Amino acid sequence: MSDERSLNFLEEIIEQDIAEGNNNGRVHTRFPPEPNGYLHIGHATSICLNFGLAKRYNGKCNLRFDDTNPVTEETEYVESIKNDIKWLGFQWDNEFYASDYFQKLYDFAVELIKKGLAYVDDLSAEEIAATKGSTVAPGSDSPFRNRSIEENLQLFEAMRDGKYRDGEKTLRAKIDMAHPNLLMRDPLMYRIKHEHHHRTGDKWCIYPMYDYAHGQSDSIEEITHSICTLEFIHHRPLYNWFIEQLGIFPSHQYEFARRNLTYTVMSKRKLLQLVNEQHVAGWDDPRMPTVSGMRRRGYPAEAIRQFSDTIGIAKRENIVDISMLEFCVREHLNKTTNRVMAVLDPVKLIITNYPEGQEDIFEAENNPEDPNGGTRPVPFSRELWIEREDFLENPPKKFFRLAPGNIVRLKSAYIVKCEGCNKDAHGNISEVLCTYLPESKSGNDTSGLSVKGTIHWVSVPHARTAEVRMYDRLFRVEDPSNEEGNFKDYINPDSINILPSVYIEPELAKAKPGDKVQFMRKGYFCADTESTAGKLIFNRTVTLKDAWAKEVRKS
RNA sequence: AGUUUGAUAGUGUAACGGUAGCACCCCAGACUCUGACUCUGUUAGUCUAGGUUCGAAUCCUAGUCAAACUACCA
């Protein structure tokens, strides 16, 4: 509450509530996922919002699974959701399930029937849709709308006791079939589903609808601020109606605009398609905007929290530039990861005046951003792997790397002067030739030379290998859902590029799954979950900014 | 069509009747044993038209545009 940042609209509402003494100054939010899929970046920002608000105002935040549809929900999802929330750095105050309240909800429904505010309807789904009316025309009353309270009570009990087949009857709220808000035209409260529920088993064959279950669940938990996305705004009158008719704790619903991201899709349905049709390797594919995908890719939880904070919260439609997220990822990784050397596209460099069989061991700084980061040994020899793109026979202006006659610093080692190159039978460069300056030894440089370029390298005889998966954005257009045709037509064919065997410095061979490093001058990488001591695999989390690439693109 | 919500640099978000600011991106430069990081600077905005006011992004009126709603999903 003391920071300088201005308040977002939800914080303003909460601070006003506190100032007016509403709810005795208590703040209680909740995160209500349906356990029917994996969490994505949109959920992550919602988690940051709900848990963040609770923390900011010394309140509480419940985790409540909205498990009112047994057909799609599974325990597997419950576990993955809990795992993701914890990984993001949050701990819920209570773990609840809407299914905890099935009996209570049933009792509430009986109460509404007794008040003449709910009735059992025999109409089919099609008939209900047909009598619903439209945005410009009122609906019409069901012929069963005026059954007696006694009959409704009896029928509802029979529904619960399994006397009817799926879809044969429903319980509806008795509101107004001519209401301008379609959701208020006698909405369904209960439907019959003879389905096994992941928590209540076969105890129930009637299940409450979202609109009936959600608000009452909030109320039972005495949630003060029930925060959801904009599409629920039309549901608010109904949310309030149930609470008012029942005379229970008045939770209030507030809506914000979901945050969209460029170059990806966010709907569960679309993500499911990507997985099922194998456009990606699974829910945790590092290209997926899922929490598990981002984790596997190497995005730090701190970066996701910072991102959520940075983009703010409002009620207008938006599409946030992915570069904002990538900035947060780089910013955090820059401070925390060790620098290592890996050569992705190798060409051999031979130091002609360095004796064969000799080697140096350099102590290389792990992280210039961290004074306590320490050093690691890096072996050096006569033959090194360097990046093919770091040598050009005919360089353009302002090329500070290797070219005949140029000098460069080999990172943490010596300054070398390029003397030329050898080519194979096809005219391809096979070897770059250099001489080194012994007096330019890193940390002990008496050469007096200043070099414009520094390149990374890996000693040939000491090199180890690893598979590297170069990931890029999943789609080639900013907003695939808004393009003509199917969103899948816009998948980026180069979203993954596997380099089966790149050269890495020996220290890196110790990397364990989940370890994050910076491949110097190449980007941030994370050891994949499938990585083993026998077969190392690194995922590219995000590239470094590359001013030279930009320069080249311009000309 | 109706209802609801919204509209501020390319993107996201502030300014709550009194100097339109911040971050990302872009561009230019400095620094650099990462063409990274860091630092400096620059470009660029109130949907339109009226009105109220000494003064309007903010209040009022009308319009324009966008999104959501018409599931026995949540």
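It should be emphasised that the depicted structure is a prediction, and the values quoted were computed from it without experimental measurement. Numbers restart at 1 for each chain; the letters A, B, ... are given by sequence-line order, proteins then strands.
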*Go through B:G35, B:A74, B:C72 for me and flag the one nearest to the A:Asp66 side chain.*
B:A74
_Counting only side-chain nitrogens and oxygens, does A:Lys315 get under 4.0 Å of the OP1 or OP2 atom of B:A68?_
no
*C1' atom, B:U8 versus B:U48: distance in rounded Å?*
15 Å
*When rounded to the nearest Å, what value does the distance between C1' atoms of B:C72 and B:A62 take?*
43 Å
*Closest to the A:Arg191 side chain: B:U5, B:C73, B:A1?*
B:C73
*asked:* So that I can tick it off, tell me whether A:Asp345 and A:Lys522 are bridged by a salt bridge, with the cut-off set at under 4.0 angstrom between side-chain N and carboxylate O.
replied: no
*Nearest of B:C33, B:U11, B:A74 to any side-chain atom of A:Arg409?*
B:C33
*Taking atom P in both B:G21 and B:A57, what distance in whole Å separates the two?*
13 Å
_Classify the ring geometry of A:Trp457 against A:Phe362: parallel below 30°, tilted from 30° to 60°, perpendicular beyond 60°._
perpendicular
*Closer to the 5' end of RNA chain B via nearest nucleotide, is it A:Arg521 or A:Thr310?*
A:Thr310
*Do A:Tyr207 and A:Tyr190 have ring centres separated by under 6.0 Å?*
no
*To the side chain of A:Asn318, which of B:U13, B:U4, B:U34 is closest?*
B:U13
*asked:* Can you tell me which nucleotide in B:A36, B:U13, B:U11 comes closest to the side chain of A:Ala314?
replied: B:U13
*Measure from the ring centre of A:Tyr210 to the centre of the six-membered ring in the base of B:A74, then say whether that distance is under 5.5 Å and the planes meet at under 30°.*
no
*Does A:Ser442 make a side-chain donor-acceptor contact with the base of B:C33, cut-off 3.5 Å?*
yes
_Between B:C26 and B:G10, how far apart are the two P atoms, rounded to whole Å?_
16 Å
*Look at the side chain of A:Ile128 and decide which nucleotide, out of B:A1, B:C24, B:C72, has an atom nearest to it.*
B:C72
_Taking only the P atom of each, what is the distance from B:C69 to B:A36 in whole angstrom?_
45 Å
*cation_pi(A:Arg64, A:Phe96) dist<6.0 Å, angle<=45*: no
*Ignoring hydrogens and angles, are the base of B:G12 and the side chain of A:Arg259 linked by a donor-acceptor pair under 3.5 Å?*
no
*For atom CD1 of A:Ile192 and atom P of B:A71, their distance in whole Å*: 20 Å
*What nucleic acid atoms does A:Thr454 come within less than 4.0 Å of, heavy atoms only: base, sugar-phosphate, or nothing?*
sugar-phosphate
*asked:* From C-beta outward on A:Lys554, which listed nucleotide comes closest to its side chain: B:A28, B:A74, B:U70?
replied: B:A28
*Closest nucleotide among B:C24, B:A68, B:U34 to the A:Phe327 side chain*: B:C24
_Any base atoms under 4.0 Å from A:Ile206, or only sugar-phosphate, or nothing? Heavy atoms, all strands._
nothing
*Side-chain N or O of A:Lys545 closer than 4.0 Å to phosphate OP1/OP2 of B:C25*: yes
*The side chain of A:Asn69 lies closest to which of these nucleotides: B:C33, B:C37, B:A74?*
B:A74
*Give a yes or no on whether a donor-acceptor pair under 3.5 Å exists between the nucleobase atoms of B:U8, that is its base, and the side chain of A:Arg316.*
yes
*Checking only heavy atoms, does the side chain of A:Gln518 share a donor-acceptor pair with the base of B:U34 at less than 3.5 Å?*
yes
*Has A:Phe400 got its ring stacked on the base of B:G35, with centres under 5.5 Å and planes less than 30° apart?*
yes
*Establish, for the pair A:Lys441 and A:Tyr414, whether the NZ or CZ atom is under 6.0 angstrom from the six-membered ring centre and no further than 45 degrees off its axis.*
no
*Euclidean distance for P, B:A30 against B:G45 (whole angstrom)*: 28 Å
*Hey, is the side chain of A:Lys169 poking within less than 4.0 Å of OP1 or OP2 on B:C72, counting only N and O atoms?*
no
*Taking atom P in both B:C54 and B:U3, compute the distance separating them and give it to the nearest angstrom.*
36 Å
*Ring centroid separation A:Tyr119 to A:Phe144 under 6.0 Å*: no
_Pairing partner (Watson-Crick or G-U wobble, both distances under 3.5 angstrom) of B:U40_ = B:A28
*Taking the six-membered ring for Trp and the single ring otherwise, decide whether the centroids of A:Phe65 and A:Tyr77 are under 6.0 Å apart.*
no
_Nearest-Å distance once atom P is located in both B:A74 and B:C65_ = 36 Å
